[in-house]
Amino acid sequence: MSGTPLRLYNSLTRSIEEFRPIHPGEARVYSCGPTVYNYQHIGNMRAYIFADTLGRTLRWKGYDLRHVINITDVGHLTSDADAGEDKMEKAAAAQAKSIWEVAAHYTEAFKRDVARLNITPPMLWSVATDHIPEMIDFAQKIEKSCYQLESGLYFDVSTVPNYGSLARAGTDEGESRIDPVEGKRHPQDFAIWRTSAPDEHRQMEWDSPWGRGAPGWHLECSVMSLKHLGHPFDIHTGGIDHREIHHPNEIAQNQAHCACPNPGANIWMHNNFLVDRGGKMSKSAGGFLTLQTLIDAGVHPLAYRLMCLQAHYRSELEFTWDNLSAALTRLKRLVQGIEKLAARFDAEPRGSLDVVEVREVEEAMSDDLNTARALVLLESVVAGKGHAGDRFTAVRKIDRVLGLRLATLHRTELRVRPADAVIDEATIEAQLAERKEARAAKDFARSDAIRDELTAAGVEVMDGDPLGWDWKLAL
Ligand code: AMP
Ligand code: ZN
C-alpha cells in the first residue's frame, strides 16, 4: 500500500510491528463489542473510537477493510471469569423485561451513540445468539482440550502452549479476578458451555451435547471471528481489560481449534481506560457517564471524540468536565477556521501545490496511530498561509482519518445547549438582530434591555467573543 509503512503496537509481542496483511490489499479486523445489558458508558465508547481510528487509517492507506464487531447478548457473567450471575439475565429480571427486549433496547442505544460519534459502522454487527449452532460445533471440535463438570464444559488451559502469554501477570485486572468454581483443574480454566442447574430456569438456553444451557462468553468471539474473517485474521482489538482474561482465553480456544500454536489473529491491540477521579469507569460500578449525559449538558458528541483523539489510545485518559470543555473549544476553533477556508474555496478552488501536512499526518497515523500529532498538523493547515482551495482539500482528506465531520459541522451545532433549555434559537437570533440595530442606531437603552431579557432567559451574550460565537446558553 501507499506511503509510509503502517506500524502498530502488538500486545502479544509487546512491540511495535509493521502491519503485513494476510490477504494482499485487505485488512481483516475484529473488535470485541458491547454486552447489551445496559447503556455503554463513555469509557466503552473510547474503545470503539479507537477501533474506528484504526479502521479509518487502514482505509486511508488503501486497504479494503473487513471489520466485524460483535454484540454480546448472551453468556457474559458479572465477572469476566466463571462465577457470578449472567449479566443479561440479571438486567432482565431487574427491569421485569425479557432478555430479548433488554438486548434490543441497549443495542439500539449503542448504535445511536456510534452514529453520534461518527464511528463508521463495521461491515457486520455480529450477534452472539445468531451463532449458537456454530458455537456448539466449535466446542465439539475442541472437546479434547475440555473436561465436563456438573456446571458445564470447561477448557483445560494446560492443553495449549504458553497459555496467558498475552496477559500481564501482577496487574489487578489479572488473576485476582478469577473466581473459583468447584472441580476446576486450574484456576484459569474457563467455561465453554454452562449447563443450567436442574432447578434453574434461564430465559436464554439451548440444547447441547453437555446439557441444556448457554455458551461461555469467550467462545463467541473465537467462533464469530473464525466464521466471518477466517483464522488467522489480521487484527483483534478491545479494551485493555480484555488483555487479561478474555483474549488469552480466545487465543487458547483458537489454538485448540487449529491444533497449532497460532493465536488466531496476528496483532492484538488494546485501548487503555478512560478513568475519572474514582478510577476506571465501569458499568457494574454504577453512576457512570453516557454520551447522552454529555449531550444533555449541551456538549456536542464530537467534542468527546476529539477529547479521545487528543490522547494516545494506549495512554490512560482522564475524564473531567474541564477537559471536555477544552476539547469543545478546540473543536469550535477548528470549525470556525474551516468555515473561513470553505468560503474562500469557491473563489480559489484549483490549487496545484501539495499540502505537506497531509503526508505528515500519514506519517503520524502510521506511527501506531498518533492522533494527537495529527490534530496539531490539522490545525496548522487550518491556520496556515497557502492556497485556500488546497488547504480546504487537505482538511477534508485529514478528516477522513480523524472523523470529526469538519467539512459539514456547523458552528450552531456546537453551541452549549442544555436539554432543558426552553428558549429557541430563532427567537434568540431575532432578538440579537434587533439589538444590533438598536446599537447601530445608538439606542443603548433598548440594546441593554434586550440583553437583560436574554440574560433572564439564560442566554449569555458574548460581545466581542474571539470565537465569534455571539451567544451561548449559560450553564
Ligand atoms: P463491555 O460492554 O463491558 O463488554 O465493554 C465494551 C468495550 O469497552 C470493551 O472493549 C472493554 O474493554 C471496553 N472498556 C470497558 N471499560 C472501559 C473504560 N473505562 N475505558 C475504555 N474502554 C473500556
Ligand atoms: Zn470478545
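In listed order, ligands and their atoms are each counted from 1.
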Exercise. For atom CD of Glu18, is the number of surrounding heavy atoms from other residues, nucleotides or ligands below 6.0 Å larger than 12?
Worked result: yes

Problem set entry | the Zn ion (ligand 2): protein N, O or S atoms [distance under 2.8 Å] | Cys32 SG, Cys221 SG, His246 NE2

For this session: Give the intermediate values and the outcome of side-chain hydrogen bond (donor to acceptor under 3.5 Å, both in side chains) for residues Gln292 and Arg116.
Result: CA-CA 10 Å; Gln292 189 61 49; Arg116 285 159 156 176; 2.6 Å; yes

Exercise. Looking at Tyr48, which atoms of ligand 1 are within less than 4.0 Å of one of its heavy atoms?
Worked result: 6 (C), 7 (C)

Exercise. Given the side-chain rings of Phe110 and Tyr39, with only the six-membered ring counted for Trp, is the space between their centroids under 6.0 Å?
Worked result: no

Exercise. Should you measure from each heavy atom of Asp241, which atoms of ligand 1 turn up under 4.0 Å away?
Worked result: 11 (C), 12 (O)

Exercise. Asp156 versus Thr159: any side-chain heavy-atom pair under 4.5 Å?
Worked result: yes

Problem set entry | Candidate with minimal heavy-atom separation from atom 5 (O) of ligand 1, of Asn70, Val36, Ile49, Asn44 | Asn44

Problem set entry | Residue list, salt bridge (charged side-chain N to carboxylate O under 4.0 Å, His left out) with Arg66, at least two apart or on another chain | none

Exercise. To the nearest 0.5 Å, what is the distance between NE2 (His300) and CZ (Arg305)?
Worked result: 12.0 Å

Exercise. Hey, is CZ on Arg400 packed in by over 12 heavy atoms from elsewhere, all under 6.0 Å?
Worked result: yes

Problem set entry | Heteroatom proximity flag, Arg46 to ligand 1, N/O under 3.5 Å | no

Exercise. Is there at least one pair of N or O atoms, one from Gly239 and one from ligand 1, spaced under 3.5 Å apart?
Worked result: yes

For this session: Would you check the N or O atoms of Leu274, main chain and side chain alike, for any that come under 3.5 Å of an N or O of ligand 1?
Result: yes

Exercise. Do you know which of Thr107, Val114, Asn70, Val68 makes side chain to side chain contact (heavy atoms under 4.5 Å, CB included) with Trp125?
Worked result: Val114

Seminar exercise, completed: For Pro34, the atoms of ligand 1 under 4.0 Å from one of its heavy atoms are 2 (O)

Seminar exercise, completed: Checking heavy-atom distances from atom 22 (N) of ligand 1 to each of Cys32, Ala51, Gly33, Gly43, the winner is Gly43

Problem set entry | Any residue meeting side-chain contact (heavy atoms from CB on, under 4.5 Å) with Arg7, in chain and number order, not counting sequence neighbours | Ile16

Problem set entry | Between His218 and Trp193, ring centroids under 6.0 Å | no

Seminar exercise, completed: So ring-ring contact (aromatic ring centres under 6.0 Å, His included) across residues 126-153, not counting sequence neighbours, yields His131-His228, Phe138-His257

For this session: Using a strict 4.0 Å cut-off to heavy atoms of Asn272, name the atoms of ligand 1 that fall inside it.
Result: 21 (C)

Seminar exercise, completed: Interatomic distance, CD@Glu150 vs OG1@Thr195, rounded to 0.5 Å, equals 9.0 Å

Exercise. Under a heavy-atom criterion of less than 4.0 Å, does His41 contact ligand 1?
Worked result: yes

Exercise. Is there a heavy atom in His270 that sits closer than 4.0 Å to ligand 1?
Worked result: no

Problem set entry | Atoms in ligand 1 with a heavy atom of Asn271 nearer than 4.0 Å | 21 (C), 22 (N)

